[in-house]
Amino acid sequence: MMDINQACEAFKKILEEQQERIANMNTEKTDFSTKKTVTIGVVDGDGIGPIITKQATRVLEKLLADEIAAGSIAIKYIEGLTIENRMACNQPIPSDVLTQIKTCDVILKGPTTTPHGGTMESANVTMRRELDLYANCRPVSIPEKNIDWMFFRENTEGEYVLGSRGVELRGMAVDFKVTTDAGTKRIARAAFEYAKNNGKTHLSVVTKANIMKKTDGKFTDLCHEIANDYPGITVEDYYIDIMTANLLKEPLREKFQVVLLPNLYGDIITDEAAQLQGGVGTAGSANIGDKYAMFEAIHGSAPRMIERGMGEYANPASMIKAGAMLLRHICRVEAAEKLEKAMDACTVEVFSDGSAATAAEYTDALLELL
Ligand code: IPM
Ligand code: MG
């Protein structure tokens, strides 16, 4: 518990740190089309993490076998990002694990359990910040319903950047939300570039700028500033509440193509979108920065599935899709397409109640198709 003076001191420190963060934003870019060896780090995580990560790794190992043999791809298995080890070290990502991660170019990461309450930050949030993975790209596609959405969620700011740094005073608690010019412009640029390069003509900017006037107001304004460089793309603003409804509204929702939004709204709405696609177990997620990138399932570590002894029935499709996104990111487009086609063709289903195939059985069937 703080008194007002201590809270002001804490806030001052936060402001100074954030100013320093803006000053040091990384711009060094990795070019994967020319890089001699691309190192993929594999990090298991907790709960169903090791189960589904193992299956996704089998798929990558098969698709990249020749390149692994030739040395143009290296796969590095990194241990220690478990909740037990994180609690024991009292670090969201133990320093030695982070050092290992930073020797890789891209990471395939299983879900990690986030302790709630306390001050321990989520491993995801730490990794996104440490590797400056500012763009969270989450595709949702339901061809039979004419839905093809790509969410661009800002991934390093908003409510997340100081989510573990709020203050408690007598009878109240305060958290902070931060939106910066540089942080907004780079995610907006990434979304518009994606739209332009993929023949998309509609982009929605989603905020709650009527209420969060400073932060979301800035986000909206800067997105429109960047939009000026992309005359072929129609930009519409929506508030997050109505957008949540609109994703359920037919046929209106068919017009959405690229959706650009701050961190927390992006977190929430992409679970909704994934559910429409068939469940969070079907959705992969790319966390992209200029230098590093990390690929993961959209969902968490599913501790309840583990408690029920049903871990083997976790759907690995989310992680395997993340693997396909990883392949695309490192310019292995042919391998990515092969994998996506095989996933579309694979008829084996995984159900978390154990009434169908296990993660391993699904993957066996998928590997047959590769
Ligand atoms: C996600 C997850 C994370 C988030 C959690 C695990 C911290 O929900 O990637 O969407 O809130 O970003
Ligand atoms: Mg989420």
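Remember, it's 1-based here, ligands and their atoms both numbered in the order they're listed. The first residue in the sequence is number 1, and the count goes up from there.
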What pairs of donor and acceptor atoms, side-chain ones from residues 299-311 against any protein atom, are under 3.5 angstrom apart with sequence neighbours left out?
| from | atom 1 | to | atom 2 | distance (Å) |
| --- | --- | --- | --- | --- |
| His299 | NE2 | Ser318 | OG | 2.9 |
| Ser301 | OG | Thr113 | OG1 | 2.7 |

Query - the Mg ion (ligand 2) reached by Asp267 (N, O or S, under 2.8 Å) - result: yes

Query raised in the report: Would Phe351 and Tyr313 count as a close aromatic pair, with their ring centres under 6.0 Å?
Result: no

Query raised in the report: Within a strict 4.5 Å, meaning less than it, do heavy atoms of the Leu203 and Gln257 side chains meet?
Result: no

**Report entry** Proximity of Phe151 and Phe256 rings by center, below 6.0 Å
**Finding:** no

Report summary line: Within the 4.0 Å heavy-atom cut-off around ligand 1, the contacting residues, ordered by chain and number, are Thr114, Ser122, Asn124, Arg128, Arg138, Arg153, Tyr160, Asp267, Ile298

Report task. Taking side chain to side chain donor-acceptor pair (under 3.5 Å) as the test, write out the residues that go with Gln6, two or more places apart. Result -> none

Let me have the donor-acceptor pairs involving side chains of residues 92-103, under 3.5 Å, with sequence neighbours excluded, atom names and distances please.
| from | atom 1 | to | atom 2 | distance (Å) |
| --- | --- | --- | --- | --- |
| Ser95 | OG | Gln91 | OE1 | 3.2 |
| Ser95 | OG | Gln91 | NE2 | 2.9 |
| Thr99 | OG1 | Ser95 | O | 2.8 |
| Lys102 | NZ | Glu130 | OE1 | 3.2 |
| Thr103 | OG1 | Lys76 | NZ | 2.6 |
| Thr103 | OG1 | Gln100 | O | 2.5 |

